[in-house]
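Below: one structure, written as structure tokens.
Numbers restart at 1 for each chain; the letters A, B, ... are given by sequence-line order, proteins then strands. Because only heavy atoms are used, hydrogens play no part in the values below, and waters and symmetry mates are left out as well, while side chains stay in.
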Number of protein chains: 2
Amino acid sequence: MPQEKPFVFIETCTPRRVLELFSTKWTSMVLYALKCGRLRTGELQRCLPGISKKMLTQTLRELEADGLILRTVYPQVPPKVEYQLTDNGALLIEPIEMLYDWGRRHSELLASLKLRRGKD
Amino acid sequence: MPQEKPFVFIETCTPRRVLELFSTKWTSMVLYALKCGRLRTGELQRCLPGISKKMLTQTLRELEADGLILRTVYPQVPPKVEYQLTDNGALLIEPIEMLYDWGRRHSELLASLKLRRGKD
DNA sequence: CGGGATCCTTCAGGATACTG
DNA sequence: CAGTATCCTGAAGGATCCCG
């Protein structure tokens, strides 16, 4: 048994940083929803059933601050705001999509996991 | 601008279930650490700097309950316990590794993100 | 050495109400 | 319609002590 040396997850290693991307509930979903183009706030909210307005805006603000999405305000009443991916934001679609695709190919396995879900 | 229809993240969709896999802090790291073969509890802990004994055991118990890892106890004093991936567990290495690999290829971008980290 | 059991802190994230 | 500001709680996860 050719036991290789195990990987050590130093606090600052990239694996940990990638994980942070997915450790927050809505981040990757918001990005992925914007893959189709620009969306208004309300449309975005309808893409994410269950999200609260608070978390939606908070997530959007963070993504904007990190330069992953662009926010466009139209000077109208009532207000109209649109969000779209920046070039950097578009880069993140790749791993997200990979993950989702893998999930679709292994939905049976996924469904069998209860992991940290108390009830099922 | 050929705006396609946005994806809707129904509560039970597979993307959400995959995300749950990565939403818990240590799960994917424990699995990945075991990629190299069987590891004793202490070795595992040394692979995950910062993990508490409580979280280590809790994560291991959950993974075991979901049939992703196998726990072997050697009748010795002092105790010796080893963990290894099951076949199902090995299946999860693929997406995890994809994610980590992508991270390594984009470490500069990742480093530029502050996301939800308060301080940097 | 491996691990169970407690206690305690933190904070992500939900609910609600109010503004322009 | 989009957004801000509060309030509140559930649960993740750390620290500690004890056991075989």
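- The separation between Leu56(A) atom CG and dA12(C) atom P is 17 Å, rounded to whole Å.
- At whole-Å resolution of the value, CE in Met55(A) and C1' in dC7(D) are 16 Å apart.
- Between the OH atom of Tyr74(A) and the C1' atom of dG20(C) there is a distance of 20 Å, given to the nearest Å.
- No side-chain donor-acceptor contact under 3.5 Å links Thr24(B) to the backbone of Thr27(B).
- In this structure, Gln58(A) atom CD and dA15(C) atom C1' are separated by 15 Å, rounded to whole Å.
- Partners of Glu82(B) by side-chain hydrogen bond (donor to acceptor under 3.5 Å, both in side chains), not counting sequence neighbours, listed by chain and number: Arg38(B), Tyr74(B).
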Under 4.0 Å protein heavy-atom contact, by nucleotide of nucleotides 1-7 of chain C - B base, S sugar-phosphate only: BSBS-BB

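- Legend: residues meeting ring-ring contact (aromatic ring centres under 6.0 Å, His included) with Tyr32(B), ordered by chain and number and at least two apart, are Phe7(A), Tyr100(B).
- The pair Lys35(B)-Glu97(B) meets the salt-bridge criterion, with a side-chain N (NZ, NE, NH1 or NH2) lying under 4.0 Å from an Asp/Glu carboxylate O.
- By the criterion of side-chain heavy atoms lying less than 4.5 angstrom apart, applied directly or through intervening Ile, Leu, Val, Met, Phe, Trp or Tyr residues, Leu70(A) is not grouped with Val81(A); the two fall into different hydrophobic clusters.
- Going from atom CD of Glu82(A) over to atom P of dG3(D) covers 12 Å, rounded to whole Å.
- As rounded to whole Å, 14 Å separates atom P of dC11(C) from atom CD of Glu62(A).
- Going from atom CD of Gln45(A) over to atom C1' of dG3(D) covers 11 Å, rounded to whole Å.
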Which atom pairs, one a donor and one an acceptor, fall under 3.5 Å between side chains of residues 102-109 of chain B and the rest of the protein, sequence neighbours left out?
| from | atom 1 | to | atom 2 | distance (Å) |
| --- | --- | --- | --- | --- |
| Trp102(B) | NE1 | His106(B) | NE2 | 3.3 |
| Arg104(B) | NH1 | Asp101(B) | OD1 | 2.6 |

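- Annotation for Pro6(A) and Cys47(B): closest pair CB-SG, 3.5 Å, computed over non-hydrogen atoms.
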Lys80(B)/Arg40(B) under side chain to side chain contact (heavy atoms under 4.5 Å, CB included): CA gap, chis, key distance, verdict: CA-CA 7 Å; Lys80(B) 174 181 175 181; Arg40(B) 299 189 56 173; 3.6 Å; yes

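- Remark on the helix from dC1(C)-dG20(D) to dG20(C)-dC1(D): inter-end axis angle 30°, axes from five-pair C1' superpositions, rounded to 10°.
- When the P atom of dG13(D) is taken as reference, atom CH2 of Trp26(B) falls 9 Å away, rounded to whole Å.
- The stretch residues 44-67 of chain A participates, sequence neighbours left out, in no ring pair (Phe, Tyr, Trp, His ring centres under 6.0 Å) pair at all.
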